[in-house]
Protein chains: 2
Amino acid sequence: MHDRSVKPLRRVDLARATGCNLETIRYYETVGIMPDPPRSAKGYRSYDETHVRRLKFVMRSRDLGFSLEEIRELMGLVDNRTQTCAEVQAVAESHLKDVQAKIADLARIERVLSETVARCTGDAAPDCAVIDALLEA
Amino acid sequence: MHDRSVKPLRRVDLARATGCNLETIRYYETVGIMPDPPRSAKGYRSYDETHVRRLKFVMRSRDLGFSLEEIRELMGLVDNRTQTCAEVQAVAESHLKDVQAKIADLARIERVLSETVARCTGDAAPDCAVIDALLEA
DNA sequence: CCTAAGGTCTGTAGCTGATACAGGCTCAAG
DNA sequence: CTTGAGCCTGTATCAGCTACAGACCTTAGG
């Protein structure tokens with residue numbers, strides 16, 4: 001009962017509530033990731049809790065490595081929830097495969113780098129194992 | 001003895017010899033990763049084996065995830081090899097730490113994603129575990 | 001009521017690391 | 001000589017932000 005006429009959030013309030021960068025909020029609006037919010041008489045954006053939730057969703061998704069395009073896709077599925085969650089699962093699974101591939105790539109890089117660094121003597125440059133590894137085919 | 005007056009390489013030859021994209025070569029020149037090559041009378045770039053080696057070095061380094069800035073640093077150390085290889089080792093080691101951190105991040109993401117996807121029933125959207133995970137704090 | 005701090009608005013530029021394209025010129029093989 | 005392949009430059013595009021300029025507005029304290 002203590003929410004009679006909740007005061008609207010300014011852009012900076014939304015930023016603070018979510019930890020999102022101020023400018024990024026505007027960016028998300030221009031690229032359609034966040035909806036255009038209602039404006040005050042003077043043109044000031046005014047947000048509410050739905051925006052906080054949505055932005056948190058976006059940020060969590062970004063944090064999990066989803067691209068903006070994937071997030072758009074996810075949110076589209078959520079917004080008109082006429083379909084089953086199988087589609088959502090498919091997006092997430094496809095993204096999971098991407099992540100696993102990236103891990104495999106990085107693991108290879110890690111192996112090469114750590115082997116190379118270990119071979120390094122710290123002596124004169126002409127004998128540097130890192131440089132050799134990069135120069136050799 | 002069969003290299004009397006080796007014929008100069010064109011840009012496309014350098015691209016083919018290294019597997020680098022044609023435009024990327026020009027890009028690397030503008031950002032100072034590759035040197036400005038000598039030009040023919042008509043202004044055509046002309047490369048030789050030193051460019052091939054240098055570009056291969058750059059590509060291998062990129063492949064191992066070094067940023068252009070890091071590559072510039074590495075090449076600076078190689079070019080005026082007045083210092084010991086300890087500096088090179090330091091660059092590589094610092095990069096190795098970055099790579100390991102990235103792997104750890106991705107591993108966390110992978111865990112969250114795979115757990116979430118596994119919880120998915122494929123049923124109606126309102127119960128979708130992926131969406132729930134993204135909506136929950 | 002006035003002032004100062006802090007917020008807001010827009011458009012635009014910069015960042016990384018490429019990649020692509022237009023429009024015009026040139027080279028080399030047949 | 002023709003034709004196709006390649007060259008040149010400048011500029012635009014992409015993701016995903018981040019930052020700044022310059023003008024305007026709001027709000028709290030004195």
K.L.:
Whole Å only: how far is the CG atom of B/Leu14 from the C1' atom of D/dC7?
P.N.:
14 Å
K.L.:
Does A/Thr24 make a side-chain N or O approach to OP1 or OP2 of D/dT18 shorter than 4.0 Å?
P.N.:
yes
K.L.:
Please give me the minimum heavy-atom distance between B/Arg72 and B/Gly32, naming the atom from each residue.
P.N.:
NH1-C, 4.3 Å
K.L.:
Distance-only, no hydrogens or angles: does the A/Arg11 side chain make a donor-acceptor pair with backbone N or O of A/Leu22 under 3.5 Å?
P.N.:
yes
K.L.:
Do you know which two heavy atoms are closest between B/Met59 and B/Cys20, and how far apart they sit?
P.N.:
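Taking every non-hydrogen atom into account, SD-CB, 3.5 Å.
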K.L.:
When the distance from CZ of B/Arg10 to C1' of C/dC25 is rounded to whole Å, what number comes out?
P.N.:
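After rounding, the gap between these two atoms is 15 Å.
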K.L.:
Please list, in numerical order, the residues of residues 31-43 of chain A that have a heavy atom closer than 4.0 Å to any atom of DNA chain D.
P.N.:
A/Lys42
K.L.:
Just so I know, are the side chains of B/Phe57 and B/Ile71 near enough to count as touching, which here means a heavy-atom distance under 4.5 Å?
P.N.:
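Of all side-chain heavy-atom pairs linking B/Ile71 with B/Phe57, at least one is under 4.5 Å.
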K.L.:
Expressed in angstrom and rounded to an integer, what is the separation of B/Arg11 atom CZ from C/dC27 atom P?
P.N.:
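Distance check: B/Arg11 CZ to C/dC27 P gives 16 Å.
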K.L.:
Rounded to the Å, how far apart are B/Tyr27 OH and D/dC8 C1'?
P.N.:
20 Å
K.L.:
Rounded to the nearest angstrom, tell me the gap between atom CG in B/Asn21 and atom C1' in D/dG6.
P.N.:
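So the two atoms are 15 Å apart, to the nearest Å.
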K.L.:
Separation of A/Arg45 atom CZ from D/dC24 atom P, in whole Å?
P.N.:
18 Å
K.L.:
Could you state the CZ-C1' distance from A/Arg16 to C/dT8, rounded to the nearest angstrom?
P.N.:
13 Å
K.L.:
Go through C/dA18, D/dC7, C/dC21 for me and flag the one nearest to the B/Glu23 side chain.
P.N.:
C/dC21
K.L.:
Would you say that A/His51 contacts A/Leu9 through its side chain, given a criterion of any heavy-atom pair below 4.5 Å between the two side chains?
P.N.:
no
K.L.:
State which of D/dC7, D/dG16, C/dA20 makes the closest approach to the side chain of A/Arg62.
P.N.:
D/dG16
K.L.:
Ignoring hydrogens and geometry, is there a side-chain-to-backbone donor-acceptor pair from A/Ser94 to A/Ala90 under 3.5 Å?
P.N.:
no
K.L.:
With heavy atoms under 4.0 Å as the rule, sort B/Arg26 into base, sugar-phosphate or nothing.
P.N.:
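Base, at least one base heavy atom under 4.0 Å.
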K.L.:
Closest approach of A/Leu14 and A/Thr18, non-hydrogen atoms and distance?
P.N.:
O-OG1, 2.7 Å
K.L.:
Nearest-Å distance, CD1 (B/Ile25) to P (C/dA18)?
P.N.:
12 Å
K.L.:
If you check every side-chain atom of B/Tyr44, which of D/dG6, C/dA18, C/dT8 has the closest atom?
P.N.:
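Closest of the options to the side chain of B/Tyr44: D/dG6.
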